[in-house]
Trainee: 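Sharing a structure, written as C-alpha cells. Questions coming.
Every chain is numbered from 1 and lettered A, B, ... according to where its sequence line falls, protein lines coming before strand lines. FYI, side chains are in, hydrogens and waters are out, and symmetry mates aren't considered; it's all heavy atoms of this structure.
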Amino acid sequence: MEKEHVRDALQRIVGKENVLWKDVDLAVYSYDAGLVKGKAGLVVFVDNSDQVAQIVSFLCKEGISYVARGSGTNLTGGTVPLNEGVVIEFSRMNRILEIDIENERVVVEPGIYNLTVQNALAEKGYYYAPDPASQKASSMGGNLGENAGGPHCLKYGVTSNHVLGAEVVLPSGEKTWIGGKALDAPGPDLMGLLVGSEGTLGIVTKIVCRIMRSPERVLTMLAIYSSVEAAGQTVSDIIAEGIIPATLEIMDNVVIRAVEASVHAGYPLDAEAVLLIELDGLTDGMDEQMKRITEICEKNGVVSHRIAKDANERNILWAGRRGAFGAVARIRPAYLVCDGTVPRTQLPKALTEVKKISEKYRVPIGNVFHAGDGNLHPLILFDDRDADELERVHKAGREILKACADLGGTISGEHGIGTEKLNEMFLVFKGDDIRMMSAIKQAVDRKGLCNPGKVIPAQEARP
Amino acid sequence: MNEQYQHVYEEVSKCNRCGFCQAHCPIFAVTGSEKNVARGHNAHVRGLAEEKMEINADFKDALFECLLCKACVSNCFPAVRTDKAVVAGRAEYIKRVGQPKAMRLVFHTLLPDQEKLGKFVRLLALGKNTGLSKLARAMGILSWFGKDMDKAEGIVEKIPRTFFRQKVGTLRLEPAKVKTEVAYFVGCGFNYMLPHVSESTVEVLVGQGARVKIADNCCCGLPAYGYGDMEAARNMARKNIEALEKLKTEVIVTECGSCSAFLKEYPELFEDDQIMKKRAEAIAKKVKGFSEFMAPQIGALSANSLEGKKITYHDPCHMSRYQGVVKEPRDLIKKIPGVTYTEMPEADRCCGGAGSYNIMHYEQSMKVLEKKMENLKKTGADILTTECPGCVIQLSYGVRKAGLPIKVLHISELIKEASRKG
Ligand SMILES: Cc1cc2nc3c(=O)[nH]c(=O)nc-3n(C[C@H](O)[C@H](O)[C@H](O)COP(=O)(O)OP(=O)(O)OC[C@H]3O[C@@H](n4cnc5c(N)ncnc54)[C@H](O)[C@@H]3O)c2cc1C
C-alpha cells in the first residue's frame, strides 16, 4: 500500500490540511495516557459523520486498519495505533447539537469534552452524571468507548447507564443509528454492546445522553483518618446503614502528599487517609443524613472532619481528587494505574495484598479509590527510563489484578483493557465468553480493521 | 543523550501523558492537534533528547506555534516546564536547521542597539505611512514580521512620530520632594510603539515622589530567547545588566510585563558563567513591574474622567504565570474611587499576542483573540486594562475589529488619569 495514495485519498475527503503524514506529526499519536507505544500511519481530523463514513469505507476497501481517538487520555493503550493504522481524530468534531430540556436529553458530537457538556448543562440547571476525574480533557466519545465512570457513579451508574443512542459508522462504512432518545430499545442491547467496546465495533459520530436536573443541594465532607482501614470500614458502615451518598472516595498518604504538593486541596499531610463524602439531592433530610454519617465516622475513630462551606470550597476539595493521578508525577516520573475492582467488603483484603506486592517488587504504590464501588486505583510509581524497574512494575501490576480477580472481583472498573490488560482478560473470562466476544467482533468487523488488537485477547494467547 | 536538552530532560520525563493540558492550551483549542499541546511538545523534546528523533525542518510548526503562555505549566500537576522544553527545541532548531537571515539581523544587530532599531522602525514607519512598505519588504528585513505582514499590518497601530527616548529631555524626572530613586527600564514596545504609556509611567512615578533615572538599556532579549537564539539573548542581557548596574538604584521599574518577567529570569541565562550569574541575580532582585511597585505604596487617587466607569483587567502571561503578579494590578484599580472593577472570565487566558506571534501566525492568533473578545463582552466593561505592550496592541486590534465600545488602556495610563489633580 502506497502511503501517498492513501494520504491523497483521505485529503480529498477532509481537505489537505486535515491529514497529518510527516513523521514528526505522527510521532505524537504513538501514545495515549497508558504505557504502551505504537506507530501511526496517518492522522486524519474529521468534522462530520459523512466524512467518517467515507474514510471508513475507503479504508475498508483498501484493507487498512484504523482507530478512533478522542483525547487520548485512556490509560490502557486503547488509542495506540497498531500496524501503522490510521488515527481518526475527533478533537475538532466537538459541537453540542441539541440540549432537549423537556425530554432531558443532550445530543453531542464525540470530540467534545465531558466538562464542556457539563458546563453548558449547568447553565440550564442540568447535568450529565458520569464524571470521570479526567472530565475536563476526556471526550464523550472516549467516555463511551471506555464506559467511563467517576466519583458520582456510585449513586448514578456509569456511562452505559446514561447513553441512550448513538449514530455509528460501522466497520463496513455504513452509517446507522443505535437507540435514540427513548429510554429503552427493544431486542438485544446493542447500545450496551457498543459502550465499553473501546472503538472496536464501530465509530460513534453522535451521542444521545440522558441528563438530570442539578440537585437542589450538595454537601461535601472531608473526613481525616489515621488508618486506611478505618476509612474503609466507614464506607462499609455507611452503605450498610442504607445510605447511598453520591460519592465515597478514599486517598492514602502517598497520594495525599503528592496532591498537596501540586493542588493544595487542604488535605493534612500526616493523615493516613482522607475520605470524601458527598451527599446530593433534596434539602429535606440531608442534614439528618449527614449527621448520621458523621456519627458513623466518629464510631470509626475519625481524626477530624469538615464540611465545605460553599461551591468554591467544594471545588478545592475535589480538585485534589481529580488531580490525584497527575500529582503522583511529583514523586516519580511515571505511574501505572491498576483499575481492579473487588466486592466492597473485600476492600481491606485487597489493600493488604497491594501493600505486600509493593514490598515484594520494591515499588512505591499510592492508593486512590472509588471506595463505594470497591474500585481500586493502586498507582505504581516508577521511572520509565529504568528498564529493570519497569519490568518489576509490570509484574506488580499483573499481580494486583490477579489478587482482585482472586477476591471475586475483576480487572477493570472503568479504564478498559486496551492492549495493556489483554492477558489479564483470561483471569476473569474462562473461554466460551471470550469466544463469544470474538464471534461478535468478527460478525461486525469482518476484515478486522476497526481498532484491531484491543480488548479481546486471541484464544491462542491463553496462558 | 543529546546534551542540548540536559537542562530540560528531567522536566519532560515527568510528563505522564495525562493529557489534561489539552483543556488549557489556547493553540490546541484552535488546532486540536497533539503537536500543539504540552504533552506533544514534551514527547518531541524527550524524543530529541534521547536521540530517538532528529531535528529537521518538519519540526518548525510544532516548535514555533507555541505561545509560551505557560497555561499548561500552571495547570500541570507535576508542573512540567514545557515552555523551557520548547525553547530548548527552538534553540537546537535554529542551530541545526537554520534561522532566517533577517531574523539573525534583528536579534544580533537591531535589537541590541537602540539607535539602529530606531532607524529601522522609522524606515518602517515611512513605509507604512506613505505606502512604501514594499521598499522595506524588499530589504528582506520585514521577515521580522513574517509572511503574513499584509494581514498583520492592521495589528501594528500607526507607528508614532516621536519615540519615547527622544522626548526624555522634555520630561520631569525629579519630584518636588524626593522620597526614593528608581531606574526606569524602557521596554521597546513602549519606546517605539506606545511612547505615551512610558510618559504616563514616568509621570506617575515622579508624582509618587520617585526620582526617575532612565536606563540606557536595549531590548531585554526576550524575543531572541523565545525564538531560541540564546546567544543573542545573553548578549542583550549582558548589555542591560551593565547599563542597570551603572544607575545604582535599589529598584528597577518597568511597566512592560514581558521585560520585568525576563529581567527576573536573567540569572537562568548564565548557568555556565557564575560571575555573570551573580551580577544577574543582583539585578533581578531589584526588578519590579509597574503594578507590583505601585500597589503597596500609591497614595490617594481620584476618579476624574473615570467616574462611574466599569473596568476590567487582562492578565498578561508574563505577569500572571511568569511572575505570579495577579493581585497587585487589581488592588491598584480597586483603589480608584468611583469606578467598578469587574473580573473577566478566564482573565489570564493568553490573548494570542505573545510578542510577535500575532504577526507570524495570524490566523491562529486571531482565533485565540476571538475567544478573548467573547469573554470581554461578558464583562460589560467600559475600559479594558492590562500591563504589557503586546497585549495592549493585540487587544486594541481585537476591540476595534469586533466593533466594541471599549477603551484599551495600559494600567499606567489608567493610574495616571486617576492621579491627576482635579
Ligand atoms: C489523570 C486521569 C484520570 C482519569 N480518571 C478517570 C476516571 O475517573 N474514570 C474513568 O472512567 N476514566 C478515567 N481516566 C481514563 C480516561 O480519561 C477515560 O478512559 C476517558 O473516557 C477517555 O476519553 P478520551 O477522550 O481520552 O478517549 P481516548 O483515549 O481518545 O479513547 C478511548 C477509547 O475510546 C475509543 N473512542 C474514542 N472516540 C471514539 C468514537 N468517536 N467512537 C468510538 N470509539 C471511540 C478509542 O478508540 C479508545 O479505544 C483517567 C485518565 C487520566 C489520565
Trainee: His44(B), His24(B), Lys52(B): which one forms the most heavy-atom pairs within less than 4.5 Å of chain A?
Mentor: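 Greatest number of close heavy-atom pairs with chain A: His44(B).
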Trainee: Below 4.5 Å from any heavy atom of chain A, which atoms of Asn56(B) appear? Answer side chain, backbone, both or neither.
Mentor: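 Only the side chain of Asn56(B) comes within 4.5 Å of chain A.
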Trainee: Apply salt bridge (Lys or Arg N to Asp or Glu O under 4.0 Å) to the pair Arg330(B) and Glu343(B), showing each step before the final yes or no.
Mentor: CA-CA 9 Å; Arg330(B) 289 169 174 79; Glu343(B) 182 74 18; 2.9 Å; yes
Trainee: Cation-pi check, Arg39(B) to Tyr31(A): give yes when NZ or CZ is under 6.0 Å from the six-membered ring centre and within 45° of the ring axis, no otherwise.
Mentor: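 No.
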Trainee: As an exercise: rank Ser33(B), Gly19(B), Cys21(B) by heavy-atom pairs under 4.5 Å with chain A and give me the winner.
Mentor: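 That would be Ser33(B).
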Trainee: Identify which of Ser71(A), Ser134(A), Ser91(A) forms the greatest number of heavy-atom pairs closer than 4.5 Å to chain B.
Mentor: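 Most heavy-atom pairs within the cutoff with chain B belong to Ser71(A).
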Trainee: Heavy atom to heavy atom, less than 4.5 Å: which residues from residues 256-265 of chain A reach chain B?
Mentor: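 At a heavy-atom separation under 4.5 Å, chain B is reached by Ser262(A), Val263(A).
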Trainee: Heavy-atom pairs under 4.5 Å with chain A - which of Ala79(B), Cys76(B), Ala23(B) has more of them than the others?
Mentor: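 Of Ala79(B), Cys76(B), Ala23(B), Ala23(B) has the most heavy-atom pairs under 4.5 Å with chain A.
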Trainee: Looking at Ser30(A), Gly323(A), Gly111(A), which has the largest count of heavy-atom pairs under 4.5 Å with chain B?
Mentor: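 Ranked by contacts with chain B, first place is Gly323(A).
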Trainee: Against chain B, work out which of Leu115(A), Asp25(A), Val24(A), Asp384(A) has the most heavy-atom pairs shorter than 4.5 Å and name it.
Mentor: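 Maximum pair count with chain B is reached by Val24(A).
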Trainee: Under 6.0 Å from the six-membered ring centre of Phe77(B) and within 45° of its axis: does the NZ or CZ of Arg330(A) meet both?
Mentor: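 Negative - Arg330(A) is either too far from the ring of Phe77(B) or too far off its axis.
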Trainee: Does a side chain donor of either Tyr225(B) or Glu265(B) reach within less than 3.5 Å of an acceptor in the other side chain?
Mentor: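 There is no such pair between these side chains.
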Trainee: Counting only non-hydrogen atoms closer than 4.5 Å, does Phe90(A) touch chain B with its backbone (N, CA, C, O), its side chain (CB onward), both, or neither?
Mentor: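 Answer is neither: Phe90(A) stays 4.5 Å or more from chain B.
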Trainee: At a 4.5 Å cut-off on heavy atoms, which part of Phe325(A) comes close to chain B: side chain, backbone, both, or neither?
Mentor: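 Backbone only.
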Trainee: Do you know which of Asn74(A), Thr73(A), Val43(A), Val328(A) has the most heavy-atom pairs under 4.5 Å to chain B?
Mentor: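 Answer, by heavy-atom pair count under 4.5 Å with chain B: Thr73(A).
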Trainee: Which pairs, with at least one residue in residues 14-24 of chain A and sequence neighbours excluded, count as a salt bridge (Lys or Arg N to Asp or Glu O under 4.0 Å)?
Mentor: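 Every pair satisfying salt bridge (Lys or Arg N to Asp or Glu O under 4.0 Å) with a residue in residues 14-24 of chain A: Lys22(A)-Asp58(B).
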Trainee: Quick one: does Glu198(A)'s side chain have a donor or acceptor within less than 3.5 Å of a partner on Glu146(A)'s backbone?
Mentor: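 Answer holds: no.
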Trainee: Honestly, is Lys136(A) close enough over Phe20(B), meaning NZ or CZ under 6.0 Å from the six-membered ring centre and within 45° of the axis?
Mentor: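 The answer is no, since Lys136(A) fails at least one limit relative to Phe20(B).
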Trainee: Taking side chain as everything from C-beta outward and backbone as N, CA, C, O, which of these in Asp32(A) sits under 4.5 Å from a heavy atom of chain B? Side chain, backbone, both or neither.
Mentor: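 Only the backbone of Asp32(A) comes within 4.5 Å of chain B.
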Trainee: Are Asp83(B) and Val73(B) side-chain neighbours, meaning at least one heavy-atom pair lies under 4.5 Å?
Mentor: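 Heavy-atom side-chain distance check passes, below 4.5 Å.
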Trainee: Is it the case that the side chain of Glu420(A) and the backbone of Leu35(A) share a donor-acceptor pair, with hydrogens and angles ignored and the cut-off at 3.5 Å?
Mentor: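 Here the side-chain-to-backbone pair exists.
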Trainee: Based on non-hydrogen pairs under 4.5 Å, which of Leu20(A), Val28(A), Thr116(A) is most in contact with chain B?
Mentor: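 Going by pairs under 4.5 Å, I would pick Val28(A).
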Trainee: Relative to chain A, which segment of Ala43(B) carries a heavy atom at a distance below 4.5 Å: side chain, backbone, both, or neither?
Mentor: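 Ala43(B) touches chain A through side-chain heavy atoms alone.
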Trainee: Between Thr79(A) (side chain only) and Arg69(A) (backbone N and O only), is there a donor and an acceptor less than 3.5 Å apart?
Mentor: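 Such a contact is absent between Thr79(A) side chain and Arg69(A) backbone.
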Trainee: Sort out for me which of Glu34(B), Met53(B), Lys35(B) touches chain A most, counting heavy-atom pairs under 4.5 Å.
Mentor: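 Maximum pair count with chain A is reached by Glu34(B).
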Trainee: Counting only heavy atoms closer than 4.5 Å, note whether Arg332(A) contacts chain B via side chain, backbone, both or neither.
Mentor: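 When you check distances to chain B, no heavy atom of Arg332(A) falls under 4.5 Å.
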Trainee: Is a donor on one side and an acceptor on the other found under 3.5 Å between the side chain of Ser139(A) and the backbone of Gly142(A)?
Mentor: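 Pair found, side chain donor or acceptor close to backbone of Gly142(A).
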Trainee: Is a side-chain N or O of Lys372(B) found less than 3.5 angstrom from the main chain of Glu346(B), in a donor-acceptor match?
Mentor: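 A pair under 3.5 Å: yes.
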Trainee: Does Gln135(A) reach the side chain of Tyr113(A), with side-chain heavy atoms less than 4.5 Å apart?
Mentor: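 They are not in side-chain contact.
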Trainee: What part of Ala324(A) is in contact with chain B, defined as an atom under 4.5 angstrom from a non-hydrogen atom: side chain, backbone, both or neither?
Mentor: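 Neither part.
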Trainee: Considering all heavy atoms of both residues, which atom of Pro132(A) and which atom of Asn114(A) are nearest to each other, and what is their separation?
Mentor: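 It is CD-ND2, 3.5 Å.
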